[in-house]
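Proteins come first, then strands; the chains are lettered A, B, ... in the order of their sequence lines, and each starts at number 1.
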There are 2 protein chains.
Amino acid sequence: MKKQFAADQAYERIRDAIYDGVYPSGERLTEVQMAEELQMSRTPVREALKRLGEEGLLKNKRVLAPTEKEFIDTFDVRRLLEGHAAARAAAYMTIPEKEELRACVTHAENGQLEERMYWNKQFHEKLVTASGNEVLIEAVSRMEAIVYLFRQTVVYEQRPGLLEEHHAICDAIDAGDRELADTRMKDHLDNDLQFALRMRK
Amino acid sequence: MKKQFAADQAYERIRDAIYDGVYPSGERLTEVQMAEELQMSRTPVREALKRLGEEGLLKNKRVLAPTEKEFIDTFDVRRLLEGHAAARAAAYMTIPEKEELRACVTHAENGQLEERMYWNKQFHEKLVTASGNEVLIEAVSRMEAIVYLFRQTVVYEQRPGLLEEHHAICDAIDAGDRELADTRMKDHLDNDLQFALRMRK
DNA sequence: AACACAAATAATGTATACATTTTTATTTAT
DNA sequence: ATAAATAAAAATGTATACATTATTTGTGTT
């Protein structure tokens, strides 16, 4: 077990708390309060808050409250990047990698809600990671915060068609069809977006 | 004139110094030394260095030394994003915006090296900004550091064909041809990449 | 009640001190 | 001479103090 700096702990704990809805969108996080709660001095907390700010989870000290536009804009970029990742995967993924990817979908099919969330997330992550392009990976992961915070609900994981679409993407990749993989990923994300938007109403 | 925090000044000064080659790639920047040079305490310097780290200009305390792969990967993503921005521009840019964009190219044609650099940069910036997609804008700007540091030289601004390509992109946008604008931007960036890679040898 | 202003309270930004960790320099052993 | 081990030096991470800014609260006015 590696020793963790207080600043890192603070970062992780606050981040998780935000994701868990402990601090709702719009709430202001102050250094003193956080320091109090985490039982450490302001210094590491301050560092953690700054980092959360840079990563977009806080917007001048308040928990990000993503607007519909921000969400749409995020997907506009995401579909580009993940579509590209899918195309690359179709061209360069190794057989074992393809199998792992497919396994994500089947595991999701068989698992309960908790597991299903995990494997769906893994699916996208594996796909992007397989590109081997650090810049791409970084860019995608940077957008997770908004996505996560916007659709506060988890119902999304039950969206009809979701798993079928993941399968379809796998099929395109297995077939080595770049174009098709790209298109299917983009369509998939479009569906996700539409569904999430509808859920908010 | 707005008052600046010491941390902000530190950030800007160190960043500019890195860009100006004062601290060469690979050099280690320590808090104490920077604090000394900037005549302030370690606290704001530390904050600045952390920020520079998050933005990719420092990689555990050392000035980023981009590898060829990183550079290529960056362009792989850039062409996606800027290509998309060009396509959007073709579809949605207003006449005055189109004129401003074209002006960037003509200004570059008529200016000296310094100006030319400025206007070429403006060209790309205007194009991306016109998308109105904050996420996209942010993503593109995040990649500037690597691009800038990798091609330490400025010769790049003299690349044969560069201005013609900018014009060609403008033409496609003026014509409202999304596909073509996208392709031309991608080709343009591909050329940039190839040229930069060749320069390094 | 809504507004403007003043006083108070609280939060931030910076400097500094100190313990710990990391780097560098030096010594010792093979 | 090279490598391992140790000692010395330097740099980092955290806590704390204090001055400065923001924010809130309270008061009086229309």
Output all residues satisfying salt bridge (Lys or Arg N to Asp or Glu O under 4.0 Å) with B:Arg78, sequence neighbours left out; order by chain, then residue number.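 Counting only residues at least two positions away or on another chain, B:Arg78 forms a salt bridge (Lys or Arg N to Asp or Glu O under 4.0 Å) with B:Glu82.
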
B:His84 side chain to B:Asn133 side chain, donor-acceptor N/O pair below 3.5 angstrom: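 Per modelled atom types, B:His84 and B:Asn133 side chains form no pair under 3.5 Å.
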
Produce the list of close N/O pairs, under 3.5 Å, pairing protein atoms with atoms of nucleotides 10-12 of chain C; give distances to one decimal.
unit_1: C:dT12; atom_1: OP2; unit_2: A:Glu31; atom_2: N; d: 3.0

Between [atom2] of [N] and [atom1] of [X], the distance in whole Å:
{"X": "B:Tyr11", "N": "C:dT14", "atom1": "OH", "atom2": "C1'", "result": "20 Å"}
{"X": "B:Glu47", "N": "C:dT14", "atom1": "CD", "atom2": "C1'", "result": "10 Å"}
{"X": "B:Gln39", "N": "C:dA15", "atom1": "CD", "atom2": "C1'", "result": "14 Å"}
{"X": "B:Glu36", "N": "D:dA11", "atom1": "CD", "atom2": "P", "result": "11 Å"}
{"X": "B:Met34", "N": "C:dA15", "atom1": "CE", "atom2": "P", "result": "16 Å"}
{"X": "B:Lys50", "N": "C:dG13", "atom1": "NZ", "atom2": "C1'", "result": "17 Å"}

Pair A:Glu55 + A:Lys50: basic N to acidic O under 4.0 Å: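 No.
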
Gap between atom CZ of B:Phe123 and atom CZ of B:Arg102 - 0.5 Å precision: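 If we round to the nearest 0.5 Å, B:Arg102:CZ and B:Phe123:CZ are 8.5 Å apart.
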
Hey, could you give me the NZ/CG distance between A:Lys186 and A:Leu193, rounded to the nearest 0.5 Å?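 Going from NZ on A:Lys186 over to CG on A:Leu193, the span is 14.5 Å.
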
For the aromatic rings, using the six-membered ring if either is Trp, is the centroid distance between B:His124 and B:His166 under 6.0 Å?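 Yes: the rings meet the under 6.0 Å criterion.
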
Would you please confirm or rule out a distance under 4.0 Å between OP1 or OP2 of D:dT14 and any side-chain N or O of A:Thr43?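 So the side-chain polar atoms of A:Thr43 never come under 4.0 Å of the phosphate oxygens OP1 or OP2 of D:dT14.
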
